[in-house]
Amino acid sequence: QVAGGVNVVKGGMRGTQISGAANITTQGCDGAQISGGFNVTLKEVRKTQVAGGVNYGRQVSGAQIAGGINVSIGQVGGGQVAGGINYARQVTGGQVAGGINVVSDTVIGGQVGVINFARVCAGGQVGILNFSDTITGAAVGLFSFAWRGYHRLDVSTTDVLPMTFTFRTGTSHFYNILGWSAPVDARERWGFSYGFGTEPRFTKHSALNIEITAEHVNEQHDWIDAVNILGRFGVQYSLTIGRRLVLSAGPSFNMLTSDW
């Protein structure tokens, strides 16, 4: 079917639908759908859906490519690419979106978007915010959280501030660092920090933490309206004792950027 406006099939479709506005099939489509607007197949699409706006298929054997939104309540076998949002229950081939990727079950091949969510990600995630229950690869972003991933809470002292609380979250391949330094010295200096790192392991109980952080250091109790950023590159040896306790120590290289 080829139309400048809308193609509608009440039942199943074998072949290809091409339209300027919309393609609609009330059953399955044993072929491809290509539209400048939206494609809708209420059952299985055996090949691919390409739309300028929205694609919907209960199950898609090939890929879904849309300028706006891709939706499949079942499985997509060839990946999803969208300018806005991708959603599917299961995806093989990964998801790439200009906005949000969501997989309610398992994605094989990873996710790239502004916000990524998957229950199980067999691959990596690249985005500003990444969330998963289980992930096999790295999650690279400003903030990543995997329920069965890497989580670590530290209390440490440095040559600059005497007490720092640090939370690490993500995966051991790549994790985010959020820190706060308490005002416990006589000058009541405090600070907050952000960074990222990686943890290559030597054995089950020993590893290196290689990290880069930037910390705003407030030199007094009251807020200072000035730039006072301490950049730090650190390498620490970590030894796990028991199940919950980690002892770590190592050198750091500091650089202060300040107009205070």
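Since we're looking at a predicted model, the values are computed, not measured.
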4.5 Å side-chain heavy-atom contact, [X] and [Y]:
X: V81; Y: Q64; answer: no
X: Q49; Y: V60; answer: yes
X: V227; Y: H216; answer: no
X: S132; Y: T134; answer: no
X: V246; Y: R152; answer: yes
X: F131; Y: F143; answer: yes
X: I73; Y: Y56; answer: yes
X: V235; Y: L208; answer: yes

Check: [X] side chain, [Y] main-chain N or O, donor-acceptor pair, under 3.5 Å:
X: T158; Y: V160; value: yes
X: W190; Y: H221; value: yes
X: T203; Y: H205; value: yes
X: S19; Y: G4; value: no
X: N55; Y: V40; value: no
X: S252; Y: G234; value: no
X: S72; Y: G57; value: yes

Could you pull out the closest heavy-atom pair between [X] and [Y], with the gap in Å?
X: N228; Y: S258; result: OD1-OG, 2.8 Å
X: P183; Y: E188; result: CB-O, 3.7 Å
X: A146; Y: G170; result: CB-O, 4.2 Å
X: N130; Y: V140; result: ND2-O, 3.1 Å
X: Q59; Y: Q75; result: CG-O, 3.3 Å
X: S104; Y: Y87; result: OG-OH, 3.5 Å

Does the pair [X]/[Y] count as a salt bridge with the N-to-O cut at 4.0 Å?
X: D133; Y: R119; value: no
X: E219; Y: R187; value: yes
X: E199; Y: R168; value: no

Decide yes or no on side chain to side chain contact (heavy atoms under 4.5 Å, CB included) for E44 and R58, but give the supporting numbers first.
CA-CA 6 Å; E44 182 180 1; R58 178 176 294 180; over 6 Å; no
Side-chain H-bond candidate by donor/acceptor type, [X] with [Y], under 3.5 Å:
X: Q125; Y: S144; answer: no
X: Q17; Y: N7; answer: no
X: Q90; Y: D105; answer: yes
X: N176; Y: T169; answer: no

Before giving the answer on side chain to side chain contact (heavy atoms under 4.5 Å, CB included), spell out for L142 and Y194 the whole-Å C-alpha distance, their side-chain angles and the decisive distance to 0.1 Å.
CA-CA 9 Å; L142 291 181; Y194 174 82; 3.8 Å; yes
Exactly one of F174, F145, Y175 should register a side chain to side chain contact (heavy atoms under 4.5 Å, CB included) with Y150. Which one does?
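Single side chain to side chain contact (heavy atoms under 4.5 Å, CB included) partner of Y150 among F174, F145, Y175: Y175.
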Trace of the side chain to side chain contact (heavy atoms under 4.5 Å, CB included) decision for I210 with F233:
CA-CA 8 Å; I210 305 170; F233 173 75; 3.8 Å; yes
Run R89 and V76 through side chain to side chain contact (heavy atoms under 4.5 Å, CB included) and show every step you take.
CA-CA 8 Å; R89 184 174 61 85; V76 177; over 6 Å; no
